[in-house]
Each structure stands twice: as structure tokens, then as C-alpha cells.
Q: 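Below is the structure I would like to discuss, written out as C-alpha cells.
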2 protein chains.
Amino acid sequence: MILEINSSSSTPIYLQIVEQIHRRIARGALTAEDPLPSVRQLALELTINPNTVARAYLELEFQGVIYKRQAQGTYVSPGAGEASRVERDRMVAALFARAISEAASFGMTPEEIDGVYQKQWRAHR
Amino acid sequence: MILEINSSSSTPIYLQIVEQIHRRIARGALTAEDPLPSVRQLALELTINPNTVARAYLELEFQGVIYKRQAQGTYVSPGAGEASRVERDRMVAALFARAISEAASFGMTPEEIDGVYQKQWRAHR
DNA sequence: TTAACTGTATTATTTCAGGCGATACAGTGA
DNA sequence: TCACTGTATCGCCTGAAATAATACAGTTAA
């Protein structure tokens with residue numbers, strides 16, 4: 001398991017790990033029941049602290065993407081792909097919810113809010 | 001100019017000032033060419049540092065809501081109401097832009113993204 | 001049973017950004 | 001020139017986040 005860690009990046013190491021595992025699952029490079037390296041093993045490879053890897057695994061476990069067998073190792077969950085997609089949707093949904101509630105709290109009408117959304121959508125392409 | 005400052009709030013003082021000025025303009029309590037208290041004056045009233053007031057005024061000036069006459073004072077801009085609305089739209093637009101670009105970078109299709117938006121919109125009411 | 005491996009818990013260190021204040025500077029006008 | 005405007009520079013403080021050091025606890029196989 002070779003991961004690319006940019007320690008001078010502003011995004012923390014543990015999140016870089018989370019993200020890269022997500023990507024591997026998305027493109028099928030990791031599938032159900034595949035074992036992940038132990039926290040110590042991966043920590044050695046990346047020359048970081050085992051706790052940092054553990055934190056990444058904790059996050060991934062919370063998201064339902066991986067699971068642990070006590071004192072045995074860490075594995076990709078069955079349905080990791082689905083879980084990964086759910087997580088992605090959850091994050092995007094949170095961003096939209098924030099935008100909508102902020103707008104509403106500023107007294108924008110539904111039409112105005114939708115107008116801004118449509119405009120950004122057009123601007124995106 | 002009596003403002004309510006909650007120094008134990010998590011939102012910084014200078015933003016509390018910005019927000020309250022915005023509100024006064026929105027409800028017409030402040031209109032074009034109305035003078036604002038000097039940075040020292042307001043700082044005295046609120047028992048904070050003049051720099052903190054200056055920072056709030058800087059932000060409001062950047063937003064086009066107020067303007068300064070050199071060594072003379074600070075005044076509400078003509079069209080402050082409009083500027084205030086523009087600023088509001090700008091902020092909301094930024095939130096939507098963020099949501100859309102994040103979603104796209106995660107490989108969501110336009111349909112999926114719009115679906116999430118619609119769902120949040122329904123959830124909001 | 002014990003050695004060698006899993007993950008976990010606790011606590012400390014470090015870093016960094018934000019917010020705010022002290023203080024000195026610069027422009028304007030009565 | 002005095003008294004008032006806003007400005008610039010600098011430094012301190014604090015809180016949160018990230019990471020690390022280290023000790024703990026469970027499983028498995030020789």
C-alpha cells in the first residue's frame with residue numbers, strides 16, 4: 001500500500017490518508033475484505049506516527065468504509081463503495097444545507113436563493 | 001450609536017459590529033450620508049480597542065456599505081442598502097459555488113448534484 | 001505460555017491562525 | 001497649532017487542531 005503523503009500540505013495527513021483510501025475504493029483498487037496495512041506498518045512506510053494512521057482508520061470506520069477484527073487487522077467493508085458514495089453525498093448535502101440556511105437567515109426569498117443557485121450552476125461549467 | 005457586544009461570543013467582536021451595522025441599514029435606521037461614530041468614540045463606548053472598530057469599518061468599506069472622508073469621519077454610502085444586498089448575495093453565491101465544485105470534484109454527476117440540492121431544499125422547510 | 005502481532009487510550013508537544021490591543025504615525029480643518 | 005479623523009506596525013494571547021510518545025489490552029500461533 002503505497003500512499004502519497006505531502007507533509008507540507010495544509011490538509012492534515014490523516015485526511016490525506018482517508019481521501020486516498022476513498023479513491024482506491026472508488027476505482028475498485030480496493031474491494032470488500034481486502035486487508036489494509038496495520039497502523040504500525042503504514043506508519044513505518046510513511047514515517048509518521050501510528051496514531052495518525054489510527055485516526056484515519058477511525059474516520060474510515062465511522063464512515064462504514066472499513067472495519068476491524070479485534071487484534072487481527074483492518075479490512076475493507078462489504079459495501080464500502082456504497083458507503084463511500086453515501087459519505088460523499090452526506091458531505092455535499094451538508095454544504096448545500098449550510099448555504100440554504102445562511103441565505104434564509106439573511107432574509108432571502110426562496111426565489112432569490114434559487115436564482116443564486118442557478119447562476120452558480122451556470123458559472124460552474 | 002449603541003451596539004450590543006457579547007465579548008464571550010464565539011463570533012469575533014469586529015464581525016458583531018459589521019453585522020449590526022448591516023442590520024441597521026437593512027431596516028433603514030441608517031441611511032446614506034449618516035455619520036458613523038469615530039473609531040475611538042465607538043471603541044470607548046464598547047471598551048474595546050480602536051483597532052477592532054477600524055477593522056470592522058475596513059470590512060464595511062470593502063463591501064461598499066460605508067466610506068471615509070480623510071481625517072473627517074466615516075459615513076454611510078449612498079446605495080448602502082443595495083451594497084448590503086449585493087454582499088449578502090455574494091456570500092451565499094460563494095457557499096453554493098463551493099458546494100457545487102466539491103461535488104463535481106468527487107465525481108458526482110450534474111443530476112446527482114441537483115438531486116442533493118433539491119433534497120436539502122425540501123428538508124429546509 | 002509466550003512472543004509477536006493487532007488496535008486503543010491517554011497525555012504532551014507543537015504549530016498556527018485569529019483576534020485584539022499598545023502605540024506611534026499621518027492627514028485635515030477650525 | 002490643537003484636536004480630531006483614520007492607518008500602520010508590531011506583538012501578545014489564546015484556542016484549536018494535528019501529531020507524537022508511550023503505555024495498555026486483545027488475539028493468535030508456535
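Below, chain A is the first sequence line, B the second, and so on; all start at residue 1. These numbers come from a predicted model, not from an experiment.
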Q: May I have all residue pairs that pass side-chain hydrogen bond (donor to acceptor under 3.5 Å, both in side chains) and include part of residues 89-100 of chain B, sequence neighbours excluded?
A: B:E87-B:R90
Q: Tell me, do A:I113 and B:F96 make a side-chain contact under 4.5 Å, heavy atoms counted?
A: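 A:I113 vs B:F96: side chains touch.
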Q: Would you list the pairs meeting side-chain hydrogen bond (donor to acceptor under 3.5 Å, both in side chains) in which at least one residue belongs to residues 37-48 of chain B, sequence neighbours left out?
A: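 Residue pairs passing side-chain hydrogen bond (donor to acceptor under 3.5 Å, both in side chains), neighbours aside: B:Q41-B:E45.
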Q: Any side-chain N or O of B:T52 below 4.0 angstrom from OP1/OP2 of C:dG21?
A: yes
Q: Take atom CG of B:L46 and atom P of C:dG21, then tell me their distance rounded to the nearest Å.
A: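 About 10 Å, once rounded to whole Å.
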Q: Taking the side chain as everything from C-beta on, heavy atoms only, tell me whether B:V86 gets closer than 4.5 Å to B:S84.
A: no
Q: Which letters describe nucleotides 1-15 of chain C, given B = protein heavy atom under 4.0 Å from base, S = only from sugar-phosphate, - = neither?
A: -----BBSBB-----
Q: Describe, as an angle rounded to 10 degrees, how the axis at the first end of the helix from C:dT1-D:dA30 to C:dA30-D:dT1 is tilted relative to the axis at the last end, five pairs per end.
A: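 If I round to tens, the end axes sit 10° apart.
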Q: Counting only side-chain nitrogens and oxygens, does A:R55 get under 4.0 Å of the OP1 or OP2 atom of D:dT19?
A: no
Q: Quick one: pull up CD in B:Q120 and CD1 in A:I100 and give me the separation to the nearest 0.5 Å.
A: 6.0 Å
Q: Do the charged groups of B:E112 and A:R88 touch, with an N to O distance under 4.0 Å?
A: yes
Q: Using a strict cut-off of less than 4.0 Å between a Lys/Arg side-chain nitrogen and an Asp/Glu carboxylate oxygen, indicate whether B:E19 and B:R23 qualify as a salt bridge.
A: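 Between B:R23 and B:E19 there is a salt bridge, with a charged N closer than 4.0 Å to a carboxylate O.
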Q: To the nearest Å, give me how far apart CG (B:N49) and C1' (D:dA8) are.
A: 13 Å
Q: Which parts of residues 9-19 of chain A get close to DNA chain D, meaning a heavy atom less than 4.0 angstrom away?
A: A:P12, A:I13, A:Y14
Q: Consider only side-chain N and O atoms of B:Y67 and B:R69, and report whether a donor and an acceptor are under 3.5 Å apart.
A: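 On atom types as modelled, these side chains qualify, holding a pair under 3.5 Å.
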Q: Please report the distance, rounded to the nearest Å, between CG in B:L60 and P in D:dT7.
A: 12 Å
Q: Starting from P on C:dC20, measure out to CG on B:L42 and report it in whole angstrom.
A: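 These atoms are roughly 13 Å apart.
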Q: For the pair A:Q16 (side chain) and A:T11 (backbone), establish whether a donor and an acceptor sit closer than 3.5 Å, ignoring hydrogens and angles.
A: yes
Q: What distance do A:L60 atom CG and A:T74 atom OG1 have between them, rounded to the nearest 0.5 Å?
A: 9.5 Å
Q: What residues form a salt bridge (charged side-chain N to carboxylate O under 4.0 Å, His left out) with A:R24, not counting sequence neighbours?
A: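 A:R24 satisfies salt bridge (charged side-chain N to carboxylate O under 4.0 Å, His left out) with no other residue.
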